[in-house]
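One structure below.
One is the number of the first residue; the rest follow in order along the sequence. As a basis for the values below, the full set of heavy atoms in this structure was taken, side chains included, without hydrogen atoms, waters or symmetry mates.
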Amino acid sequence: METTTQASSVSKTSPKDFFLWLGAIIALYGSITSFIALTFEYINYSFPDALAGYGDPYGGAVRFAMAALIVMVPTLVALFYFIRKSISEEPGKANIWVRRWAIVLTLFIAAITILIDLITLINTFLGGELSVRFGLKVLIVLLVALGVFLHFLADQKGYWLHNVKKANMVGIAVGVLGLVAVVSGFFIIGTPGDVRMLRYDEEKVQHLSGIQSQVVYHWQTKRELPATLDELS
């Protein structure tokens, strides 16, 4: 978020500034990771793979990613709002070291992610193993990393500081995208009530399996079926 015109002075980095940026970066990375994980689960659900192994019937990964998004995205939007507000009140905060380092670090990580993503895509394509499922996941990572890179590149040049309304629109768009991602998760794992009923059903199946084992053991030892369940004791 470097401004194109140098500020008349550089403000001193206060503990408030440091923790605002630390919280914003943690919320940013957490939101991105949760969003990618959630979209990956949606892709796995839409394009099932018989060789992918056993999946969690209760959508544990989906629930955790949804919970993280519900907490992280509003936190991210709120923290960047307060950061922009503090810069508008004291322009010198646009050049504090923690801000510069946070932006450059994010740009670096986004650029590395884009390069690794493209290398993985090309390597998989050349190996003849590219599938729709894998291709969509690579595309999701590429779009997210590219979006983050372009956003903070513009931020580094001071674009969002001079276009506050557009910055607020970006924050609203991020919030809406997070909401859509969370709501979509209910179509995969169902409502909390549905998940609770699934757990009840699994517990009933386990009890029935235990009764079956006891009946078999009773037959093996006494060569007769039990007349009542009390005989299994």
Side-chain angles (χ1 to χ4, degrees), residues 25-77 80 106-107 109-153 169-206 209:
I25 291 301
I26 293 175
L28 174 66
Y29 296 168
S31 298
I32 292 173
T33 303
S34 301
F35 178 78
I36 291 177
L38 194 56
T39 52
F40 277 15
E41 291 298 326
Y42 295 164
I43 293 173
N44 292 339
Y45 177 79
S46 302
F47 301 92
D49 186 358
L51 300 178
Y54 175 77
D56 183 1
Y58 310 119
V62 176
R63 287 188 291 108
F64 183 82
M66 290 170 62
L69 276 181
I70 291 172
V71 174
M72 290 293 184
V73 171
T75 302
L76 172 66
V77 174
F80 272 103
T106 303
L107 287 173
I109 294 176
I112 293 298
T113 302
I114 292 172
L115 293 177
I116 294 176
D117 190 64
L118 292 175
I119 291 173
T120 304
L121 175 62
I122 295 173
N123 179 66
T124 305
F125 174 75
L126 294 177
E129 301 176 359
L130 187 63
S131 63
V132 175
R133 177 182 171 122
F134 179 81
L136 288 175
K137 291 182 178 181
V138 171
L139 180 62
I140 289 295
V141 174
L142 179 62
L143 291 177
V144 171
L146 185 61
V148 171
F149 182 84
L150 293 177
H151 175 83
F152 281 92
L153 183 63
M169 290 177 62
V170 171
I172 294 173
V174 170
V176 172
L177 182 61
L179 179 62
V180 171
V182 169
V183 172
S184 300
F186 291 111
F187 292 96
I188 294 181
I189 65 173
T191 64
D194 295 333
V195 175
R196 186 175 182 83
M197 292 306 299
L198 285 174
R199 293 186 181 277
Y200 275 130
D201 290 341
E202 183 183 39
E203 185 175 356
K204 293 176 183 178
V205 170
Q206 292 176 350
S209 178

Self-check item: Note, Y45 side chain near V62 side chain (heavy atom, < 4.5 Å)
Solution: no
Quiz item: If we only count heavy atoms from C-beta on, is the F80 to V170 side-chain gap below 4.5 Å?
Solution: no
Show me the donor-acceptor pairs within less than 3.5 Å that the side chains of residues 116-124 make with the rest of the protein, sequence neighbours left out.
unit_1	atom_1	unit_2	atom_2	d
T120	OG1	I116	O	2.8
T124	OG1	T120	O	2.7

Quiz item: Is the shortest heavy-atom distance from the side chain of V148 to the side chain of Y29 under 4.5 Å?
Solution: no
Quiz prompt | Spacing of CG belonging to L179 relative to CD1 belonging to I172, to within rounding of 0.5 Å | solution = 13.0 Å
Quiz item: Roughly how far apart are I70 CD1 and S34 OG, rounded to 0.5 Å?
Solution: 10.5 Å
Quiz item: Taking the side chain from T33 and the backbone from G30, do they hold a donor-acceptor pair closer than 3.5 Å?
Solution: no
Quiz item: Given side chains that start at C-beta, do those of K137 and N44 come closer than 4.5 Å, heavy atoms only?
Solution: yes
Quiz item: Hey, what do you get for OG1 (T113) to CZ (F149), rounding to the nearest 0.5 Å?
Solution: 11.0 Å
Quiz item: Looking only at heavy atoms, what is the nearest atom pair of S31 and V73, with distance?
Solution: OG-N, 3.6 Å
Self-check item: Atom pair CD1 (I43) and OG1 (T39), whose distance is rounded to the nearest 0.5 Å
Solution: 5.5 Å
Practice problem: Give the C-alpha distance, both sets of side-chain angles, the deciding distance and a yes or no for side chain to side chain contact (heavy atoms under 4.5 Å, CB included) between F152 and L28. | Solution: CA-CA 12 Å; F152 281 92; L28 174 66; 3.6 Å; yes
Quiz prompt | Between NE2 on residue H151 and CG on residue L107, distance to nearest 0.5 Å | solution = 10.0 Å
Exercise. Only counting residues at least two apart or in another chain, list the ones meeting side chain to side chain donor-acceptor pair (under 3.5 Å) with T75.
Key: none
Quiz prompt | Atom pair CE (M66) and OG (S184), whose distance is rounded to the nearest 0.5 Å | solution = 9.0 Å
